[in-house]
Amino acid sequence: MASSELIAKAAATHDLGRDELIALLEDESCNETLFAAADDTRRRYVGEGIHLRALIEFSNICRNNCCYCGLRRDNQNMIRYRMKTDEIIALAEYAARNRGFKTVVLQAGEDLFFTVDKMCEIIRGIKQFDVALTLSIGEKSAAEYQAYRAAGADRFLLRIETTDRNLYHRLDPGMSWQNRRQCLADIAAAGLETGSGVMVGLPGQTIASLADDILFFKEINADMIGIGPFIPHPDTPLKNTTGGTLEMSLKVMALTRLLLPDINIPATTAMETLAPNGQTKALQAGANVIMPNITLAQYRQHYELYPGKSETNCAADETLQILQDKITAIGRYIAADKGFRHKKSGKVFRL
């Protein structure tokens with residue numbers, strides 16, 4: 001079947017097989033057709049609104065030692081920080097009351113200082129501002145995810161990074177792919193909107209494994225998926241490897257939109273880092289979310305997952321008008337709601 005026919009099939013049925021995904025990922029001549037189909041699917045299922053989610057990176061301390069991440073435990077060249085509870089809550093209040101954000105995203109390395117009790121205190125403090133709250137703080141127990149939900153958290157983002165088990169275990173020493181998968185099931189079971197995602201262009205990653213990633217997203221019926229290119233960090237074991245490309249990242253994202261038409265997909269900062277218009281391209285290829293970084297500059301400069309992290313539309317002192325101009329330039333608008341997924345189909349993920 002020709003690529004154009006496969007894209008039409010995906011747009012109509014929201015279903016493709018592994019070999020069909022591989023064929024589209026390998027065919028560079030179909031890119032613009034694919035992006036246009038994903039953009040049309042996004043328009044039909046989630047509309048023209050772009051959801052802005054205020055990102056607070058509240059700790060860069062991490063117990064893990066992932067080979068691709070600048071926050072890895074063994075990186076001795078990083079200045080570590082940990083925001084205080086009142087700082088975090090105050091920044092969330094600023095985002096909600098002064099900037100009009102409807103969602104706050106709390107992101108950190110796996111910092112064991114933030115116990116379940118501390119996190120629940122922060123969650124309760126932020127929820128008083130009438131915002132949706134997303135957590136991205138790593139692997140926890142089922143009971144902890146349930147406690148976060150009971151305290152008021154709405155969503156949880158836990159990227160799988162790759163569904164290739166051998167690659168995962170090679171790049172995430174001391175971690176378990178199966179436990180990662182179990183955590184995603186526990187997140188869904190706790191009643192939290194479930195987010196995941198992958199890096200595109202990891203050393204040893206194949207086109208087939210990218211196809212498997214997309215099918216995994218569909219299998220777990222994810223509510224939100226973040227996709228971005230791998231960018232090598234100089235203080236990691238992968239410092240001399242070749243990074244991913246914007247084009248392939250966009251293709252994986254576009255295919256994810258076609259197979260999961262009603263989910264939330266961010267235009268990631270990593271895409272903007274590779275190209276000044278990376279986020280705009282993503283918004284025109286299926287994305288419907290931007291996460292402006294409102295972390296205070298004194299901390300933000302030290303949350304370096306990868307080098308050259310773009311702060312376009314992400315700096316704390318940047319006005320919403322600048323972002324508004326970028327969005328209206330492509331015929332879109334800032335959504336006024338909290339951006340929950342309105343499922344049109346699919347089952348809840350259970351192991």
Qualifying salt bridge (charged side-chain N to carboxylate O under 4.0 Å, His left out) pairs with a residue from residues 199-212, counting only residues at least two apart or across chains: R18-D212
Considering residues at least two apart in sequence or located in another chain, which fulfil the salt bridge (charged side-chain N to carboxylate O under 4.0 Å, His left out) criterion with E26? none
According to the salt bridge (charged side-chain N to carboxylate O under 4.0 Å, His left out) rule, which pairs have a member within residues 139-151, sequence neighbours left out? E139-R180, R149-D154
Across all chains, not counting sequence neighbours, the side chain to side chain donor-acceptor pair (under 3.5 Å) partners of R124 are none
According to the ring-ring contact (aromatic ring centres under 6.0 Å, His included) rule, which pairs have a member within residues 56-85, sequence neighbours left out? F58-F114, Y81-Y299
Can you list everything that forms a salt bridge (charged side-chain N to carboxylate O under 4.0 Å, His left out) with E304? Sequence neighbours excluded, please. none
Using residues 4-13 as the side-chain source, report each donor-acceptor pair under 3.5 Å to any protein atom, sequence neighbours left out, with the distance given to one decimal.
{"unit_1": "E5", "atom_1": "OE1", "unit_2": "A2", "atom_2": "N", "d": "3.0"}
{"unit_1": "K9", "atom_1": "NZ", "unit_2": "E20", "atom_2": "OE1", "d": "3.2"}
{"unit_1": "K9", "atom_1": "NZ", "unit_2": "E20", "atom_2": "OE2", "d": "2.8"}
{"unit_1": "T13", "atom_1": "OG1", "unit_2": "K9", "atom_2": "O", "d": "2.8"}
{"unit_1": "T13", "atom_1": "OG1", "unit_2": "D15", "atom_2": "N", "d": "3.3"}
{"unit_1": "T13", "atom_1": "OG1", "unit_2": "D15", "atom_2": "O", "d": "3.3"}

Pairs meeting criterion salt bridge (charged side-chain N to carboxylate O under 4.0 Å, His left out) with involvement of residues 71-90, two or more places apart: R82-D111
Give every residue pair that meets the ring-ring contact (aromatic ring centres under 6.0 Å, His included) criterion with at least one member in residues 125-153, sequence neighbours excluded. Y145-F156
Around atom CD of E28, are there more than 12 heavy atoms of other residues, nucleotides or ligands at under 6.0 Å? no
I need the full list of ring-ring contact (aromatic ring centres under 6.0 Å, His included) pairs touching residues 1-20, with sequence neighbours left out, sorted by first then second residue. H14-Y45
Give the table of side-chain donor-acceptor pairs shorter than 3.5 Å for residues 195-203, with sequence neighbours excluded, one pair per line with atom names and distance.
{"unit_1": "S196", "atom_1": "OG", "unit_2": "L158", "atom_2": "O", "d": "2.9"}
{"unit_1": "S196", "atom_1": "OG", "unit_2": "I160", "atom_2": "N", "d": "3.0"}

What pairs with K239 under salt bridge (charged side-chain N to carboxylate O under 4.0 Å, His left out), at least two apart in sequence or on another chain? none
